[in-house]
Protein chains: 2
Amino acid sequence: MSSRLKDVAARAGVSVRTVSNVVNGSAAVAEDTRLRVQAALDELGYRPNLAARSLRAGRTGLIGLAIPEVRSPYFGELAGLLVEAAERRSWTVIIDQTRGDAEAERRLLTRAGGRVVDGLVISPWALGPEELTAAARSTPVVLLGERSPEGLVDRVAVDNVLAADQATTHLLESGRRRVAALGLQPHLRNGTAEQRRAGYHRALARAGITPDPALEAEVSALHRADGAKAMAQLLDGSGRPDAVFAFSDELALGAMHMAHLRGLDVPGDIAFVGFDDVEDGRFANPALTTVAPDKEQIVERALQCLADRIYSPGNAVRPLDIVVPHRLVVRASSDAPSS
Amino acid sequence: MSSRLKDVAARAGVSVRTVSNVVNGSAAVAEDTRLRVQAALDELGYRPNLAARSLRAGRTGLIGLAIPEVRSPYFGELAGLLVEAAERRSWTVIIDQTRGDAEAERRLLTRAGGRVVDGLVISPWALGPEELTAAARSTPVVLLGERSPEGLVDRVAVDNVLAADQATTHLLESGRRRVAALGLQPHLRNGTAEQRRAGYHRALARAGITPDPALEAEVSALHRADGAKAMAQLLDGSGRPDAVFAFSDELALGAMHMAHLRGLDVPGDIAFVGFDDVEDGRFANPALTTVAPDKEQIVERALQCLADRIYSPGNAVRPLDIVVPHRLVVRASSDAPSS
DNA sequence: ATGAAAGCGCTAACAT
DNA sequence: ATGTTAGCGCTTTCAT
């Protein structure tokens with residue numbers, strides 16, 4: 001099979017110690033031996049066995065990313081960015097999908113405990129704070145989006161209440177009066193939707209508008225199809241919305257599609273704002289107004305948290321609650337009605 | 001820190017051998033000892049150290065997936081499916097992005113050689129056949145899409161020539177005459193675009209149409225923006241297309257967006273067909289006609305190849321060239337012109 | 001500057 | 001049924 005340190009040592013006529021030093025540059029090696037060893041290394045096509053290294057080091061160089069699904073544009077983009085950022089820190093990322101399933105989330109947390117990964121970045125949907133906190137005691141864990149109770153685990157997120165408030169306010173300022181909120185998920189333990197709803201209510205209140213239950217639509221998942229379905233219900237209901245604040249771009253895109261099917265003009269008859277700023281939205285017809293979280297910063301700060309815990313585990317830093325910036329990107333889907 | 005087999009053994013008053021047997025169920029253990037050991041296991045919260053296991057087993061249980069980028073809808077969907085399929089085989093997937101960069105592809109191939117992963121599924125863009133074949137000699141490798149010369153490495157793909165022919169034929173049959181091909185990538189070593197172009201030419205030839213160079217648009221990458229840019233060039237050129245066969249849905253979506261911006265009606269003035277059948281296309285306005293490869297089968301067969309090579313390495317099976325089925329999904333973007 | 005050897009945590013061959 | 005131990009490939013302490 002493939003060659004080990006020992007083989008290379010035998011071939012170069014030195015000890016494994018010296019070969020190891022050449023491979024890692026970990027100690028001074030006489031120039032001529034170094035060359036001899038290097039030659040042997042090349043001839044044998046030596047590749048270090050990572051399992052052995054990890055076993056020695058007590059670290060794997062792997063970090064986990066647990067997200068509901070890779071294929072969704074938002075998490076896909078996030079995963080891409082995280083992989084790149086991890087690379088810069090010489091980490092390899094294991095991406096796992098939870099599908100918002102409690103069992104899957106639990107399994108990944110457990111695996112993190114099993115030291116397959118040195119740390120875990122998780123965007124929890126199904127799991128409650130207790131379990132997350134418990135898991136974080138045995139491994140470095142960073143939460144994306146969801147808040148842990150009393151900040152017991154590191155967490156990185158945008159200010160959802162503020163962002164939702166701004167999105168709603170933007171619609172109100174463009175003259176819309178019957179703004180719907182699309183994306184409630186009362187069945188999840190994830191509080192994100194609840195926070196966005198709070199921001200939505202806050203904006204309505206400031207404008208002196210009483211929330212209308214007929215303008216709040218629930219979804220069972222966050223795909224375009226769910227957005228389309230919820231939109232259909234809004235249009236068939238008594239709410240008669242002239243604008244929609246969807247809690248994700250995917251939902252917004254699905255909803256917008258439904259509006260088109262129903263013969264509505266966007267933004268003439270109805271305006272849309274999404275959340276996430278995924279690429280699809282930028283190229284939709286019309287282009288989608290959205291809340292853009294600073295994704296680069298989300299992954300960067302998450303990894304920083306992990307690094308801090310992994311490399312100085314004794315140093316019991318207080319768990320961080322990091323808020324990353326966002327901005328409202330106005331595009332054609334929410335232009336003021338031509339009136 | 002965390003507990004080892006030895007700790008559990010001490011606590012239960014048995015040998016490590018017995019604990020190992022309990023953990024793995026690998027040998028008969030007396031019921032009462034089993035219970036005692038299990039209790040110790042639970043109390044100590046024992047988790048096996050995977051690095052040690054891998055070192056012993058000579059296998060890591062990890063497989064690599066190397067794709068240009070996770071965030072693109074097509075590769076995102078594929079990655080999601082592959083992770084699920086791998087799970088069923090108790091494999092964990094490491095996803096890596098190559099960005100079509102030769103150096104990145106080379107690095108991943110090398111890592112595969114380093115036994116971090118037991119095998120690698122790669123969608124090569126930049127690397128030529130020689131290097132791919134060389135890498136496959138030291139590790140199980142499956143190619144997605146790209147054909148290796150003389151079938152020296154396992155490969156899974158759709159029949160690109162046939163698919164492109166069908167897509168083009170569909171447009172011609174709906175009465176279009178000036179069908180453009182969008183998505184040539186002469187700078188890549190990847191032959192996929194070339195195959196799709198061949199299918200496009202074959203369809204034109206069958207219809208007695210001479211290919212017009214002004215109707216063939218190159219792109220530097222495969223994002224919506226590239227599709228939009230190429231579309232602008234087509235519209236500004238002398239080709240005056242009444243239909244576009246884009247080599248990917250993303251390109252098609254970008255191109256369709258540009259058509260809208262130019263005030264063209266789709267499909268009235270111009271029809272579109274994409275390739276990949278990603279979710280975005282299904283919810284686009286209008287919904288995008290596309291070639292739908294059987295993605296489930298792509299990942300399933302790819303993993304099957306890997307499993308064969310990993311579990312019976314001596315068994316030098318001839319490299320397989322697997323063609324998975326596809327179908328043309330006709331949607332609103334290519335309805336016959338109302339004429 | 002380099003060699004010898006211990007030991008990371010686990011499994012399995014060899015005992016009893 | 002269960003204990004003892006070698007060894008997977010590597011890094012690193014201790015010697016020289």
Side-chain angles (χ1 to χ4, degrees), chain A residues 1-38 40-41 44-62 90 111 113-118 138-139 313, chain B residues 1-41 44-62 111 113-118 138-139 313:
Chain A
M1 261 285 317
S2 57
S3 53
R4 297 139 310 149
L5 230 35
K6 205 210 292 188
D7 304 321
V8 181
R11 177 163 197 123
V14 297
S15 77
V16 291
R17 162 75 206 267
T18 304
V19 182
S20 174
N21 283 340
V22 171
V23 172
N24 303 299
S26 39
V29 177
E31 187 56 15
D32 55 337
T33 32
R34 207 187 59 72
L35 287 172
R36 214 167 60 249
V37 171
Q38 190 56 59
L41 243 18
L44 266 44
Y46 173 79
R47 302 271 159 238
N49 178 318
L50 274 280
R53 258 190 194 169
S54 306
L55 179 57
R56 262 294 334 205
R59 248 183 242 129
T60 61
L62 261 32
S90 330
R111 175 207 284 166
R115 297 175 246 57
V116 184
V117 292
D118 296 337
S138 64
T139 334
Chain B
M1 263 285 313
S2 57
S3 52
R4 298 139 308 150
L5 230 36
K6 205 208 293 186
D7 304 322
V8 181
R11 177 161 196 126
V14 297
S15 77
V16 291
R17 163 74 207 269
T18 304
V19 182
S20 175
N21 283 341
V22 172
V23 172
N24 302 300
S26 39
V29 177
E31 188 56 15
D32 56 337
T33 34
R34 208 187 58 72
L35 288 172
R36 215 165 60 250
V37 171
Q38 190 56 59
L41 243 19
L44 266 42
Y46 172 79
R47 303 269 159 239
N49 179 318
L50 275 280
R53 258 190 195 170
S54 309
L55 179 56
R56 252 318 317 216
R59 246 183 243 131
T60 60
L62 260 33
R111 175 206 286 164
R115 296 175 246 57
V116 185
V117 291
D118 296 336
S138 64
T139 334

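Throughout, protein chains are lettered first and strands after them, A, B, ... in sequence-line order, and every chain is numbered starting at 1. From a predicted model like this one, the values you see are computed outputs, not experimental measurements.
- Atom CG in N21(B) sits about 11 Å away from atom C1' in dG3(D), given to the nearest Å.
- Residue L35(B) contributes atom CG, which lies 15 Å from atom P of dA1(D) at whole-angstrom precision.
- Distance R47(B) CZ to dC10(C) C1': 17 Å, rounded to the nearest Å.
- dT2(C) atom C1' lies 19 Å from atom NZ of K6(A), rounded to whole Å.
- A close approach under 4.0 Å does not occur between any side-chain nitrogen or oxygen of R56(B) and OP1 or OP2 of dT11(C).
- Projected onto DNA chain D by closest heavy-atom contact, L55(B) and V29(B) fall at different nucleotides, the more 5' of which corresponds to V29(B).
- Contact between the side-chain N/O atoms of T18(B) and the OP1/OP2 oxygens of dG3(D) is found at a separation under 4.0 Å.
- S54(A) places a side-chain N or O within donor-acceptor distance of the main-chain N or O of L50(A), the cut-off being under 3.5 Å.
- Of all heavy-atom pairs spanning R36(A) and G13(A), the tightest one is NH2-O, 4.2 Å.
- T33(A) comes within 4.0 angstrom of sugar-phosphate atoms only, judged by non-hydrogen atoms across all strands, and of no base.
- Here CG of L55(B) is found 13.0 Å from CZ of R53(A). Values are rounded to the nearest 0.5 Å.
- Between dT11(D) and N24(A), a contact under 4.0 Å exists linking OP1 or OP2 to a side-chain N or O.
- Note: CG (D7(A)) to P (dG9(D)) measures 8 Å, nearest angstrom.
- Residue contacts for V14(B): at a heavy-atom cut-off of 4.0 Å it reaches the sugar-phosphate backbone alone, with no base atom in range.
- With D118(A) contributing its side chain and G61(A) its backbone, the two residues share a donor-acceptor pair below 3.5 Å.
- With rounding to whole Å, L5(A) atom CG is found 11 Å from dG9(D) atom P.
- Here the OG1-CG distance, from T18(B) to L5(B), works out to 10.0 Å after rounding to the nearest 0.5 Å.
- Residue A30(B) places its side chain closer to dA1(D) than to any other of dG3(C), dA1(D), dC10(C).
- As a whole-Å value, the separation of R36(B) CZ from dA1(D) P is 15 Å.
- One interatomic measurement links the two molecules: CG of L50(B) to P of dC8(D), which rounds to 20 Å at whole-angstrom precision.
- Between dT11(C) and S20(B), a contact under 4.0 Å exists linking OP1 or OP2 to a side-chain N or O.
- Set against dT13(D), dT5(D), dT2(D), the side chain of R17(A) has dT13(D) as its closest nucleotide.
- Relative to the side chain of V16(B), the nucleotides dT4(D), dG9(C), dT11(D) differ in distance, and dT4(D) lies closest.
- OP1 and OP2 of dG9(C) both lie 4.0 Å or more from every side-chain N or O belonging to R53(B).
- Checking dG9(C), dA12(C), dA1(C) against the side-chain heavy atoms of A28(A) singles out dA1(C) as nearest.
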